[in-house]
Amino acid sequence: MNMLIVAAGLSGALAVAAGAFAAHGASGSAAEWLKTGGQYQLVHAVAALFAAQLGERGPGWLFVAGGAVFAGTLYLMALGLPRWLGAITPLGGVAMIAGWLWLAWCGLRR
């Protein structure tokens, strides 16, 4: 079993659910946080699948983890948890950027 592919699939499913909730059950800043989190998480779930297919697990896990932290903090704030969670959100962004840079490095090595 390829756990990276499983994690990417679950991440993509959660992203779609967040987007649906943003469109049909949330309003105001909560809807915006859900949309933003969903977009970033979905893109990085697909990027993780791509990395897995290339055999590059490190960048793939950074995409999944970064997407989870970035989107997860936005989702939690949208559900009413404290806004100080927004201070954690950039850590997910850093992980996603690191994943892209690592993937680029992998391309250079090939």
Side-chain angles (χ1 to χ4, degrees):
M1 174 184 333
N2 188 326
M3 290 305 296
L4 179 55
I5 293 174
V6 171
L10 293 173
S11 183
L14 182 58
V16 172
F21 184 48
H24 302 291
S27 60
S29 59
E32 290 304 313
W33 290 331
L34 289 164
K35 286 179 194 174
T36 300
Q39 287 174 329
Y40 277 81
Q41 189 173 21
L42 186 57
V43 165
H44 288 85
V46 173
L49 289 172
F50 177 72
Q53 291 302 310
L54 291 176
E56 302 294 349
R57 300 178 57 77
W61 280 112
L62 280 175
F63 293 145
V64 169
V69 171
F70 182 88
T73 56
L74 294 176
Y75 299 160
L76 291 172
M77 290 190 310
L79 294 173
L81 272 72
R83 287 189 174 207
W84 63 259
L85 287 166
I88 299 169
T89 306
L91 297 176
V94 169
M96 291 183 289
I97 292 167
W100 286 111
L101 292 172
W102 190 349
L103 189 61
W105 176 253
C106 293
L108 289 172
R109 279 190 334 210
R110 291 179 180 219

Ala87 to Pro90 - nearest heavy-atom pair and separation:
O-CD, 3.5 Å
Tightest non-hydrogen contact, residues Phe63 and Ala51, listed as CE1-CB, 4.4 Å
Nearest 0.5 Å please: distance from the CD atom of Gln39 over to the CG atom of Leu34.
11.5 Å
Less than 4.5 Å apart, side chain to side chain, heavy atoms only: is that true for Val43 and Met96?
no
Quick check on the hydrophobic clustering: are Trp33 and Val69 connected, directly or via other members, by side-chain heavy-atom contacts under 4.5 Å?
yes
OG1 of Thr89 to OH of Tyr40, rounded to nearest 0.5 Å, is 11.5 Å
Do you know the tightest heavy-atom contact between Ala31 and Ala22?
O-CB, 3.5 Å
CH2 of Trp105 to CD of Glu56: how many Å apart, nearest 0.5 Å?
12.0 Å
Within the 4.5 Å heavy-atom criterion, are Leu14 and Leu10 side-chain neighbours or not?
no
Which of parallel (below 30°), tilted (30 to 60°) and perpendicular (above 60°) describes His44 and Trp100?
perpendicular
Are Trp84 and Phe70 connected in a single hydrophobic cluster, I mean Ile/Leu/Val/Met/Phe/Trp/Tyr linked by side-chain heavy atoms less than 4.5 Å apart?
yes
Side-chain touch Phe21/Leu79, heavy atoms, less than 4.5 angstrom:
yes
Consider only side-chain heavy atoms of I, L, V, M, F, W and Y, link residues closer than 4.5 Å, and tell whether Val6 and Leu49 are in one cluster.
no
Is any side-chain heavy atom of Leu54 less than 4.5 Å from a side-chain heavy atom of Leu103?
yes
At their closest point, which heavy atom of Arg83 faces which heavy atom of Ser29, and how far apart are they?
NH2-OG, 3.8 Å
Shared hydrophobic cluster for Leu74 and Leu81 (ILVMFWY, side-chain gaps under 4.5 Å)
yes
Restricting to non-hydrogen atoms, name the atom on Val64 and the atom on Ala48 that form the minimum distance, rounded to 0.1 Å.
CG2-CB, 3.6 Å
Can you give me the closest heavy-atom contact between Gly38 and Ala15, atom names plus distance?
O-CB, 3.5 Å
Reported CD1-to-CH2 distance for the pair Ile97 and Trp102, which is rounded to 0.5 angstrom:
16.0 Å
